[in-house]
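See structure below.
Note that the structure is a prediction, hence the values are computed from the model and not measured. Per chain, numbering begins at 1; letters A, B, ... match sequence-line order.
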Protein chains: 2
Amino acid sequence: MSEANEAARRRPLYQQVHDRLVALIASGEWGPGQPIPPEAEIARRFRVAPGTARAAVSALVSEKLVVRRHGRGTFVYEYTPEDEAARFLRLVDSNRKPINPVGRMDRPTRGVANQTECRELALAEASRVFRIKRLRERNGTPFALERISLPEALFPGLGERDKLRDARYELYQSLYRVLVVEVEDRLCAVAADSTAARELKIAVGTPLIRIERVAFGLGAKPVEWRVSLCHLTDARYVAQLK
Amino acid sequence: MSEANEAARRRPLYQQVHDRLVALIASGEWGPGQPIPPEAEIARRFRVAPGTARAAVSALVSEKLVVRRHGRGTFVYEYTPEDEAARFLRLVDSNRKPINPVGRMDRPTRGVANQTECRELALAEASRVFRIKRLRERNGTPFALERISLPEALFPGLGERDKLRDARYELYQSLYRVLVVEVEDRLCAVAADSTAARELKIAVGTPLIRIERVAFGLGAKPVEWRVSLCHLTDARYVAQLK
DNA sequence: CAGTGGTCTAGACCACGTG
DNA sequence: ACGTGGTCTAGACCACTGC
């Protein structure tokens with residue numbers, strides 16, 4: 001028995017099917033919003049029992065790579081601004097309503113990744129990145145100052161775009177086939193320095209929340225690094241833990 | 001057909017079994033750390049197929065009410081200081097190691113719930129609460145100032161205890177059969193006032209993270225309300241989102 | 001109506017931990 | 001060797017959606 005067969009034998013069938021389905025989605029064979037084949041056909045195609053095919057699809061569902069719609073089919077997950085906000089936006093106002101600040105965004109600039117970017121984005125030294133600066137507003141008041149870094153290798157030609165949508169993950173998926181599946185936020189409190197104070201129109205020394213976020217794609221590959229300085233006032237950063 | 005039968009018929013069998021298992025755990029019939037019956041016996045007892053019994057238990061697993069141990073059995077979830085920290089402690093140091101500050105804790109005081117406590121703990125007006133103050137340290141340095149509020153009704157006799165463990169959720173479960181299944185944190189940045197500055201031995205105005213946490217028990221009942229003021233220095237509050 | 005996912009059954013055999 | 005959970009099979013019927 002070959003080693004490959006040994007490994008295949010040890011890995012449960014439904015996980016093997018799952019892995020091949022992930023590969024088909026990652027390759028773009030089935031694009032965002034498109035239906036994947038019915039479970040019965042997946043079972044036939046991979047020569048497994050219906051229950052096994054279903055277990056494989058269930059794993060995709062729990063990873064949010066696909067969405068089941070009773071009576072209609074199973075569809076590759078597609079970002080919309082709404083569920084992107086519901087899934088990853090953790091800022092709420094005093095009435096617990098999600099707040100989605102909008103704002104102007106600078107054209108991306110190209111540069112060589114610094115040490116932090118290399119570490120957080122797992123890049124080789126001297127890799128190139130795009131950087132974007134955003135000033136986000138809420139009710140006409142400056143709310144957050146953001147710096148976003150993206151590996152150039154994943155987002156070719158981003159520098160030529162001058163219309164960048166506010167919902168970034170939707171953009172990454174639809175234009176670059178980069179699917180954000182997980183993010184990690186790290187928070188601390190800082191005092192506003194002179195730059196932040198000027199941009200956010202507040203006094204130097206005002207306490208701000210600093211949010212560092214790494215967004216991960218398929219295979220836990222980091223795809224975006226972001227630092228936000230937020231003047232929350234009545235807003236809060238909310239995290240639910242189970 | 002009666003309405004009750006209508007409802008029972010609509011609710012899937014495995015969910016009905018699940019609900020009855022939850023009731024048995026909530027009632028204390030099966031205590032923390034104790035094994036629940038094997039899936040085959042659950043199937044016999046509730047007159048369902050093994051697969052249905054298994055689906056019911058799987059729901060308990062995903063709610064973290066029980067833990068499966070291959071070859072041994074399925075056990076009612078039991079808090080240990082370790083997994084309590086891993087599950088709900090979101091503070092890490094600059095090396096991404098979890099930090100678990102320890103500290104002295106005042107004897108609980110009894111009082112009438114204020115407006116905030118009534119709202120956050122869903123208490124009737126004039127309900128009584130216990131309040132605990134903690135000063136937590138890290139490497140011998142003051143780190144966080146905490147105020148904890150608990151409904152007296154859920155924790156009878158808490159005021160007489162003078163040895164309160166650091167791992168609170170473990171204590172709630174083992175002594176009061178109150179199982180914390182979910183928490184919600186709300187964060188903002190504040191400047192240290194004179195009290196906080198004195199206790200934390202920092203300058204007035206130092207930016208602090210303020211964490212408000214509500215802990216929920218079975219049935220989404222709020223069981224603990226807490227406010228922490230943290231002087232993080234190199235530490236960070238971390239949240240993973242999927 | 002046909003086609004999809006959702007539930008349920010009734011087994012079989014494997015993998016793991018304990019005695 | 002035994003009992004547990006983990007995987008897998010091969011169906012059946014129900015519930016929902018769209019034609």
Side-chain angles (χ1 to χ4, degrees), chain A residues 1 3 5-22 24-25 30-31 33-78, chain B residues 1 3 5-22 24-25 30-31 33-78:
Chain A
M1 180 92 50
E3 280 182 26
N5 277 348
E6 272 296 317
R9 165 171 297 206
R10 284 178 198 294
R11 188 150 177 78
L13 241 189
Y14 74 92
Q15 286 182 23
Q16 296 177 42
V17 174
H18 161 265
D19 293 347
R20 295 177 62 182
L21 295 175
V22 170
L24 285 164
I25 293 170
W30 301 325
Q34 297 301 306
I36 72 172
E39 293 173 1
E41 189 186 326
I42 291 175
R44 279 194 303 276
R45 193 182 297 186
F46 293 96
R47 298 170 196 282
V48 297
T52 303
R54 184 167 174 80
V57 173
S58 295
L60 295 178
V61 170
S62 70
E63 296 168 301
K64 300 200 186 173
L65 294 186
V66 302
V67 178
R68 284 206 183 100
R69 296 197 184 130
H70 194 169
R72 299 216 277 144
T74 301
F75 301 81
V76 177
Y77 186 93
E78 181 173 33
Chain B
M1 181 90 55
E3 281 182 26
N5 278 348
E6 271 296 318
R9 165 170 295 208
R10 283 176 200 294
R11 189 152 175 80
L13 240 190
Y14 74 93
Q15 286 183 24
Q16 296 177 43
V17 174
H18 161 265
D19 293 347
R20 294 177 63 181
L21 295 175
V22 170
L24 285 164
I25 292 170
W30 301 326
Q34 298 301 308
I36 72 172
E39 293 174 359
E41 189 187 325
I42 291 175
R44 280 195 302 276
R45 193 182 296 185
F46 292 95
R47 298 171 197 284
V48 297
T52 303
R54 184 167 175 80
V57 173
S58 295
L60 295 177
V61 170
S62 70
E63 296 167 300
K64 301 201 185 171
L65 294 185
V66 301
V67 177
R68 284 205 183 99
R69 294 194 187 132
H70 195 170
R72 297 217 279 146
T74 301
F75 301 81
V76 177
Y77 186 93
E78 180 173 32

| remark: Out of dG18(D), dG6(D), dT9(D), minimum distance to the side chain of Thr52(A) belongs to dT9(D)
| query | Quick one: Phe75(B) CZ to dG3(D) C1', roughly how many Å, whole number? | reply | 12 Å
| message | Using the side-chain heavy atoms of His70(A), tell me which of these nucleotides is nearest: dT17(D), dT7(C), dG5(C). | response | dG5(C)
| task | To the nearest 0.5 angstrom, please state how far the OH atom of Tyr77(A) sits from the CG atom of Leu65(A). | result | 10.5 Å
| task | For Gln16(A) and dT7(D), give me the distance from atom CD to atom C1', rounded to whole Å. | result | 12 Å
| task | Looking only at non-hydrogen atoms, find the nearest pair between Arg68(B) and Ser58(B) and report the distance. | result | NH2-OG, 2.8 Å
| said: On the nucleotide dT18(C), are OP1 or OP2 found under 4.0 Å from the side-chain N or O atoms that Arg72(B) carries? | reply: yes
| request: Write down the distance between CZ (Arg54(B)) and C1' (dG11(C)), rounded to a whole number of angstrom. | output: 15 Å
| said: Show the nearest heavy-atom pair for residues Ile42(B) and Pro37(B), with the distance to one decimal. | reply: CD1-O, 3.5 Å
| task | Mind checking Val48(B) for me? I need base, sugar-phosphate or nothing, with any heavy atom below 4.0 Å counting as a touch. | result | sugar-phosphate
| Distance from Phe46(B) atom CZ to Leu13(B) atom CG, nearest 0.5 Å? | 11.0 Å
| query | Whole-Å distance between dA10(D) C1' and Leu13(A) CG? | reply | 15 Å
| Minimum-distance nucleotide to Pro50(B) side chain [options: dA10(C), dG17(C), dT9(C)] | dA10(C)
| query | When you measure from the side chain of Pro38(B), which nucleotide among dC8(C), dG18(D), dT4(D) comes out closest? | reply | dT4(D)
| message | Rounded to whole Å, please give me the gap between CZ in Arg69(B) and C1' in dA15(C). | response | 18 Å
| query | Are Thr74(A) and dG5(C) close enough that a side-chain N or O sits under 4.0 Å from OP1 or OP2? | reply | yes
| query | Between dG6(C) atom P and Gln15(B) atom CD, what is the distance in whole Å? | reply | 12 Å
| task | In whole angstrom, give the distance that lies between atom CZ of Arg68(B) and atom C1' of dA15(C). | result | 15 Å
| said: On DNA chain D, does the nearest nucleotide to Ala53(A) precede the nearest nucleotide to Gly71(A) from the 5' side, or the other way round? Give the residue. | reply: Ala53(A)
| So does Tyr14(A) get a side-chain nitrogen or oxygen closer than 4.0 Å to the phosphate oxygens (OP1/OP2) of dT7(D)? | yes
| note | So NE2 of His18(B) and CZ of Arg11(B): to nearest 0.5 Å the spacing works out to 8.0 Å
| In whole angstroms, how far is the C1' atom of dC16(D) from the CD atom of Glu39(A)? | 14 Å
